[in-house]
**Student:** 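This is the structure I have questions about; it appears just below.
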Amino acid sequence: MADASRPDLTGTVALVTGASAGIGRYLSQGLAERGATVAGLARSADRLHGAMAEVADATGARTLAVAADVTDPDAVQAAVTQVVAELGPVTLLVNNAGLIDAAEVPLWEADPDQWWQVVESQVRGPFLVSRAVVPGMLAAGGGRVIGLASGLGTRGSDVYSAYSAGKTAQMRITEAIDLAGAEHGVRAFDLAPGVIDTEMTRAMPMHAGRTEWTRPEDVVALALAIAAGELDQWSGRFFRAGADDLDVLRATTPADAARQLRLRPYGAEDPIG
């Protein structure tokens, strides 16, 4: 008997960036386990090929590894062209790849080149990959885009200014895709994974000594529900794994600007409220 909480994604072609490790690796396997064909994209070819082979062996799903830097427009276009040629049109895009600030320091102490590399990975990357993928979704009659979000995208940070700025901008990319694409069947979502125990989070001083982590399966469950179209009423909005209840999300249609970035009026007379 099928598990209604874990939908069948047979026929879905998913492209996951940053798929060789961490959250991208978890999502790749979770999607493949439910029948999706998964193309993984990352910079390190050897690590990526190994990860995609492991996913295929573990799930029996078809996978494809394509090495590319998401901030390089030519490499991104070539990668997407290869994925479509070998697997068919992408119907689910997961923009997961991204860097984080190298040191926990105030903005004025940050290395300018590294700071900008972080912002590029979080903004230019999702922009370029979405720009290459979404036209195919439109031609196919629809698709879904998931941006890996963060609570640091909904508020400022004293020591992760690049990551916070990049994640905030990525939320605007999600909203832009929804505003222009929803009427054509293309929807977009921000999925914050909480704090998962990965190589990246272990290296962050702010998580030193942490013993409570978000379960990877909670992130995967939300991604599966999005991929299956169970949360389309939330397009253009923000979820948080480990905090949001999937059944509540399924049963709720958000109103106004709920779960979107907006200015908070200072009171009833605020002229820009």
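All residue numbers in this chain count up from 1 along the given sequence. Just so it is clear, the structure is predicted and the values come from calculations on it, not from any experiment.
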**Student:** Under 4.5 Å between any side-chain heavy atoms of Met52 and Leu64, yes or no?
**Tutor:** no

**Student:** Side chain to side chain contact (heavy atoms under 4.5 Å, CB included) with Leu224: which of Leu27, Thr12, Leu9?
**Tutor:**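 It is Leu9; the other options fail the test.
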
**Student:** What distance separates Leu87 CG from Thr63 OG1, expressed to the nearest 0.5 Å?
**Tutor:**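 The distance works out to 8.5 Å.
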
**Student:** For the residue pair Arg47 and Ala21, what are the closest heavy atoms and their distance?
**Tutor:** NH2-CB, 3.4 Å

**Student:** If we count only N and O atoms by modelled type, under 3.5 Å, do the side chains of Tyr163 and Gln122 hold a donor and an acceptor together?
**Tutor:** no

**Student:** Tell me every residue that passes salt bridge (charged side-chain N to carboxylate O under 4.0 Å, His left out) with Glu33, counting only those two or more places apart in sequence or in another chain.
**Tutor:** Arg6

**Student:** Might you work through the salt bridge (charged side-chain N to carboxylate O under 4.0 Å, His left out) test for Asp232 and Arg144, ending with a clear yes or no?
**Tutor:** CA-CA 9 Å; Asp232 280 353; Arg144 296 174 180 86; 2.8 Å; yes

**Student:** Whether the Thr17 and Asn96 side chains hold a donor-acceptor pair (N or O, under 3.5 Å, no angle test) is what I'd like checked.
**Tutor:**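 Per modelled atom types, Thr17 and Asn96 side chains form no pair under 3.5 Å.
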
**Student:** Count the heavy atoms of every other residue, nucleotide or ligand shown that sit under 6.0 Å from CG of Asp245, and state whether that count exceeds 12.
**Tutor:**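 Yes, enclosed.
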
**Student:** Identify the heavy atoms of Arg237 and Asp256 that sit nearest to each other, and give their distance.
**Tutor:** NH2-O, 3.0 Å

**Student:** Quick check: does any side chain N or O of Arg155 sit under 3.5 Å from a backbone N or O of Gly151, one acting as donor and the other as acceptor?
**Tutor:**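 Present.
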
**Student:** Work out which heavy atom in Val76 is nearest to a heavy atom in Ala132; give both atom names and the distance.
**Tutor:** CG1-CB, 4.0 Å

**Student:** Just verifying a value: how many Å separate Ser130 OG and Asn95 CG, rounded to the nearest 0.5 Å?
**Tutor:**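 Separation between the atoms: 4.0 Å.
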
**Student:** Does Asp270 reach the main-chain N or O of Ile272 with its side chain, forming a donor-acceptor pair under 3.5 Å?
**Tutor:**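 Checked: pair present.
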
**Student:** Compare every heavy atom of Ala68 with every heavy atom of Ala75, then report the nearest pair and how far apart it is.
**Tutor:**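 Closest heavy-atom pair between Ala75 and Ala68: O-CB, 3.9 Å.
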
**Student:** Nearest 0.5 angstrom please: His49 NE2 to Ser20 OG, how far?
**Tutor:** 11.0 Å

**Student:** Give the minimum heavy-atom separation between Ala241 and Leu191, together with the two atoms involved.
**Tutor:** N-CD1, 4.5 Å

**Student:** Whether the side chain of Trp234 engages the backbone of Ile226 through a donor-acceptor N/O pair (distance < 3.5 Å, no angle test) should be reported.
**Tutor:**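 The answer is no, because no donor-acceptor pair under 3.5 Å joins these two groups.
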
**Student:** Indicate the atoms forming the closest heavy-atom contact of Ser164 with Leu152, along with that distance.
**Tutor:**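 Where Ser164 meets Leu152 most closely, the heavy atoms are OG-O, 2.7 Å.
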
**Student:** Between the side chain of Arg259 and the main-chain N/O of Phe238, is any donor-acceptor distance below 3.5 Å?
**Tutor:** yes

**Student:** Please determine whether salt bridge (charged side-chain N to carboxylate O under 4.0 Å, His left out) holds for the pair Glu54 and Arg25, giving the CA-CA distance in whole Å, both sets of side-chain angles, and the decisive distance to 0.1 Å.
**Tutor:** CA-CA 10 Å; Glu54 290 171 1; Arg25 173 67 174 75; 3.2 Å; yes

**Student:** Would you check, one step at a time, whether the test side-chain hydrogen bond (donor to acceptor under 3.5 Å, both in side chains) holds for Ser235 with Asp178?
**Tutor:** CA-CA 6 Å; Ser235 183; Asp178 169 69; 2.6 Å; yes

**Student:** For Glu109, look at atom CD and say whether over 12 heavy atoms of other residues, nucleotides or ligands are found less than 6.0 Å away.
**Tutor:** yes

